[in-house]
Amino acid sequence: MRAAFLGTGYGPAGEQGVLSPMPGRPPSWAYGPWAIVTAWNPAGKRASDLANAQAHAALLTLVQDGGFTPMLVINGKGEWAEAALLIHGARLWQAAEWGSAFGQAAVLWGDGARAALVWLDGRRVTGAERRWLVVGHG
């Protein structure tokens, strides 16, 4: 699962960022604090289209109720493309709470081009892998 999370693209179709150990050109949307959170496929296990749609709608409501205006983005591609939310202004603790609420194994949180893949286990953050977010292929 770790390799899949580290190797996927994050962000709007056409300007997805990928995690890199080296700095590079960041996507234009990677400014200030931000988070990318999905409610799809909890714990990396495939859920039904209906369950994913319902979870996504609940996540969107939760984020909007927190005073944010998220942008719909995509994590991954092909069979594992998942609807996600890009939330500018989100703090790390908020991203972790949102991800945990929907059973996610990880969330992506960043400040500018610096990003962290934040691993979750239930309601706990279990670790973070810091990378650079650079323009990928989307």
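Only heavy atoms go into these numbers, but all of them, side chains included; no hydrogens, no water, no symmetry mates.
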Would a hydrophobic clustering, with Ile, Leu, Val, Met, Phe, Trp and Tyr connected at side-chain separations under 4.5 Å, put Trp34 with Leu85?
no
Do Trp29 side-chain atoms and Glu15 backbone N/O form a donor-acceptor pair below 3.5 Å?
yes
For the student: nearest non-hydrogen atoms of Pro27 and Gly17, plus distance
CG-CA, 3.8 Å
Side chain to side chain, Gln94 and Trp109, heavy atoms closer than 4.5 Å:
no
Regarding Glu129 and Trp119, do their side chains bring together a donor and an acceptor under 3.5 Å, going by distance alone?
yes
Please tell me whether Phe102 and His56 form a close aromatic pair, meaning their ring centres lie under 6.0 Å apart.
no
Would you kindly confirm whether Leu92 and Leu120 end up in one hydrophobic cluster when ILVMFWY residues are joined by side chain heavy atoms under 4.5 Å apart?
yes
Checking side chain to side chain contact (heavy atoms under 4.5 Å, CB included) for the pair Val107/Ile36: CA distance, chi angles, key distance, verdict?
CA-CA 6 Å; Val107 295; Ile36 294 181; over 6 Å; no
How far does CD of Glu97 sit from CG of Leu62, to the nearest 0.5 angstrom?
9.0 Å
Ignoring hydrogens, what is the shortest heavy-atom contact between Leu133 and Ala30? Give both atom names and the distance.
CD2-CB, 4.1 Å
Show the nearest heavy-atom pair for residues Ala84 and Leu72, with the distance to one decimal.
O-CD1, 3.4 Å
How many angstroms lie between atom CG of Leu108 and atom OG1 of Thr8, to the nearest 0.5 angstrom?
10.5 Å
What's the shortest heavy-atom distance between Ala128 and Ala116, and which atoms?
CB-CB, 4.4 Å
Val37-Val118 co-clustered via ILVMFWY side chain contacts under 4.5 Å
yes
For Pro12 and Met71, which heavy atoms make the closest approach, and how far apart are they?
CG-SD, 3.9 Å
Sub-3.5 Å donor-acceptor pair from the side chain of Asn41 to the main-chain atoms of Asn52, do we have one?
no
Interatomic distance, Leu117 atom CG to Arg2 atom CZ [nearest 0.5 angstrom]:
8.5 Å
All heavy atoms of Gly122 vs all of Ser100, minimum pair found to be O-OG, 2.9 Å
Take atom CG in Asp65; do more than 12 heavy atoms of anything else shown fall under 6.0 Å from it?
yes
Ring centers of Trp98, Phe68 separated by less than 6.0 Å
yes
Answer yes or no: is there an ion pair linking Arg114 with Asp111, defined by an N-O contact shorter than 4.0 Å?
no
To the nearest 0.5 Å, what is the distance between CD (Gln54) and OG (Ser48)?
7.5 Å
Working to the nearest 0.5 Å, report the span between CG of Leu19 and OH of Tyr10.
5.5 Å
Just so I know, are the side chains of Trp132 and Pro26 near enough to count as touching, which here means a heavy-atom distance under 4.5 Å?
no
Which value, rounded to the nearest 0.5 Å, describes the distance between Leu6 atom CG and Arg131 atom CZ?
5.0 Å
Donor-acceptor under 3.5 Å (Gln16 side chain, Ile74 main chain):
yes
Would you indicate whether Arg91, at its atom CZ, is surrounded by more than 12 heavy atoms from other residues, nucleotides or ligands within a distance under 6.0 Å?
no
